Protein chains: 2
Amino acid sequence: MAVSEAAAKSGEARERLLQAAERCFVASGFHGARMAQIAKEARMSPGHIYHYFESKEQIIAEMVRAHVDEKQAMLESYERAGGRAVELMVENLEESVDSSTDPFWSALMLEMTAEATRNPAIASILRATDEEMKGRVLACLSEAVDADDLETRLELLIALFQGIGIRNILNPGLDKAAAVRLVRGVVEHLFPKSGSAAAESPRAPNKR
Amino acid sequence: MAVSEAAAKSGEARERLLQAAERCFVASGFHGARMAQIAKEARMSPGHIYHYFESKEQIIAEMVRAHVDEKQAMLESYERAGGRAVELMVENLEESVDSSTDPFWSALMLEMTAEATRNPAIASILRATDEEMKGRVLACLSEAVDADDLETRLELLIALFQGIGIRNILNPGLDKAAAVRLVRGVVEHLFPKSGSAAAESPRAPNKR
DNA sequence: GGAGATAGAATAAACGTTCGCTCTAATCAA
DNA sequence: TTGATTAGAGCGAACGTTTATTCTATCTCC
């Protein structure tokens, strides 16, 4: 019990540090957050941070990785749903919108994406996960949906959710209930059930 | 001609500085960009920046304001379109997607929004413009579209465009032609023509 | 020669990181 | 059961660098 107790304590401190850093990053941005601030938030000395992490950069990278891993876990329920993937999506829509509009999460996502535009290390973490997740979702959807451009359809869905998160920052008064109702319509428009008509070719029946 | 020439020269230098700052902000972020870097990019000494701006903060604010003003100008064509607003939107879709996916613009938008989550001055600039633009677009749409929750529909459209910009950062291989085609369908789904059926109540005809 | 444009050194604060130290607790020798 | 040894948690002052900003001097037209 002796050794494991120390290890547990050490692990607990490291975790506390990561969560403190996360709060600071959301409050001040990756570059605005100061090591001293993070140390204070984690209730440890600035110097001691370097027992757990080599640099601020490494804290950022590890935090990003932890979050994308967490999102991946969510995927498994869709894979189990097989051909019922779209139905599952529609059923869970309210939850999805809620998690998209969580201010903490959307601020963090924003910060991570902004960092990815200039920090190749962060970009590659984000891109790799993104690609893997998209591939797995695509595999589910291709069983359930009968439409061309399936990958682009999925892109638009992700775009919509990420966009809703951003909109909620600029306009916190967003009517979420109405949004859920309308997104449902959009999802059913983008992912028509297999065997259904009315959506194979989305070139609209208007002139030109 | 003497005074105006000097003023023009001064104005030119200020403009050059703003554009240099913009490039630096995109490359390094608001907090990552250094005054020395901006000065070098604008081909002037670091100290001279303070002839034109009181602080870095003020440069950021002014740049944000310039960009939102520019976007507002685009609005007028929609107001002139009156009841044909949706048609105009559909016709200009390719252009809209192109401008959303411009890496420079989307990175800047990302940076501005991230900054807005923690800097109240930036947040209020962004929010004020956002609200005004939304109001004006809504006025056009209410003539042309027959649907409830019109404001939320517009929110979703904006969300979709902003989201596409972000997606393009994480996945530059996005098929834009397909995206345009699909977005067209979504727009027509969200904004059914006045007098058209099939969209008054978006509660989908599925069980539960 | 005078006023604004411009440069570039100077400044002072703030930053991430390092370093030397203490303290606690576990392990081991006797 | 002790006393010595070791390992790592933890502290906080100090370091060297970098930063935004200020200051002073020079230059350029009128």
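This one's a predicted model, so the numbers in the text were calculated from it and none came from an experiment. Proteins come first, then strands; the chains are lettered A, B, ... in the order of their sequence lines, and each starts at number 1.
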K.L.:
What is the distance, rounded to the nearest whole Å, between atom NE2 of B:His48 and atom P of D:dT28?
P.N.:
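Computing the B:His48:NE2 to D:dT28:P distance gives 14 Å.
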K.L.:
Grab the CD-P distance between A:Glu54 and C:dT17 for me, whole Å please.
P.N.:
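It works out to 10 Å between those atoms.
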K.L.:
Any base atoms under 4.0 Å from A:Ala42, or only sugar-phosphate, or nothing? Heavy atoms, all strands.
P.N.:
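Nothing: the residue A:Ala42, judged by heavy atoms under 4.0 Å, touches no strand.
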K.L.:
Check whether any side-chain N or O of A:Tyr52 sits under 4.0 Å from OP1 or OP2 of D:dA9, and answer yes or no.
P.N.:
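No, no such contact exists.
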K.L.:
In this structure, how many angstroms lie between the C1' atom of D:dT21 and the CD1 atom of B:Ile59, rounded?
P.N.:
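It works out to 12 Å between those atoms.
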K.L.:
In whole Å, what is the span from the CZ atom of B:Phe25 to the C1' atom of D:dA20?
P.N.:
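About 12 Å, once rounded to whole Å.
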K.L.:
Does a side-chain N or O of A:Ser45 approach OP1 or OP2 of D:dG12 to a distance below 4.0 Å, or not?
P.N.:
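Looking at the OP1 and OP2 atoms of D:dG12, neither is under 4.0 Å from any side-chain N or O of A:Ser45.
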K.L.:
From CZ of A:Arg43 over to P of D:dC11, roughly how many Å is that when rounded to an integer?
P.N.:
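Rounding to the nearest Å, CZ of A:Arg43 and P of D:dC11 are 10 Å apart.
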K.L.:
Measure the distance from NE2 on A:His51 to P on D:dG8 and round it to the nearest whole Å.
P.N.:
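Computing the A:His51:NE2 to D:dG8:P distance gives 10 Å.
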K.L.:
Between B:Lys134 and B:Glu155 (salt bridge meaning N to carboxylate O under 4.0 Å), is one present in this structure?
P.N.:
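B:Glu155 and B:Lys134: salt-bridged.
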K.L.:
If you assign B:Pro46 and A:Pro46 each to the DNA chain C nucleotide with the nearest heavy atom, which residue ends up on the more 5' nucleotide?
P.N.:
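Nearest-nucleotide comparison on DNA chain C picks B:Pro46.
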K.L.:
For C:dG16 and A:Arg34 - does any side-chain N or O of the residue sit under 4.0 Å from the phosphate oxygens OP1/OP2?
P.N.:
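For A:Arg34, the contact criterion (side-chain N or O under 4.0 Å from OP1 or OP2 of C:dG16) is met.
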K.L.:
I need the NZ-C1' distance between A:Lys40 and C:dG16, as an integer number of Å.
P.N.:
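Taking NZ of A:Lys40 and C1' of C:dG16, I get 18 Å after rounding.
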K.L.:
Mark yes or no: B:Arg14 above the aromatic ring of B:Phe53, with NZ or CZ under 6.0 Å from the six-membered ring centre and no more than 45 degrees from the axis.
P.N.:
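Judged by the rule, B:Arg14 and B:Phe53 form a cation-pi pair.
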K.L.:
What is the separation between atom OH on B:Tyr50 and atom P on D:dA20, rounded to the nearest whole Å?
P.N.:
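Spelled out: OH on B:Tyr50 to P on D:dA20 is 7 Å.
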K.L.:
Assess whether a salt bridge exists between B:Arg181 and A:Asp149, defined as any Lys/Arg side-chain N lying under 4.0 Å from an Asp/Glu carboxylate O.
P.N.:
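Looking at B:Arg181 and A:Asp149, the cut-off is met.
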K.L.:
Do the charged groups of B:Arg84 and B:Glu91 touch, with an N to O distance under 4.0 Å?
P.N.:
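Looking at B:Glu91 together with B:Arg84, the answer is yes, because their closest N to O distance falls below 4.0 Å.
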K.L.:
Base, sugar-phosphate, or nothing for B:Ala39, non-hydrogen atoms under 4.0 angstrom?
P.N.:
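No contact.
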K.L.:
Who passes salt bridge (Lys or Arg N to Asp or Glu O under 4.0 Å) against B:Glu22, sequence neighbours left out?
P.N.:
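Partners of B:Glu22 under the salt bridge (Lys or Arg N to Asp or Glu O under 4.0 Å) test: none.
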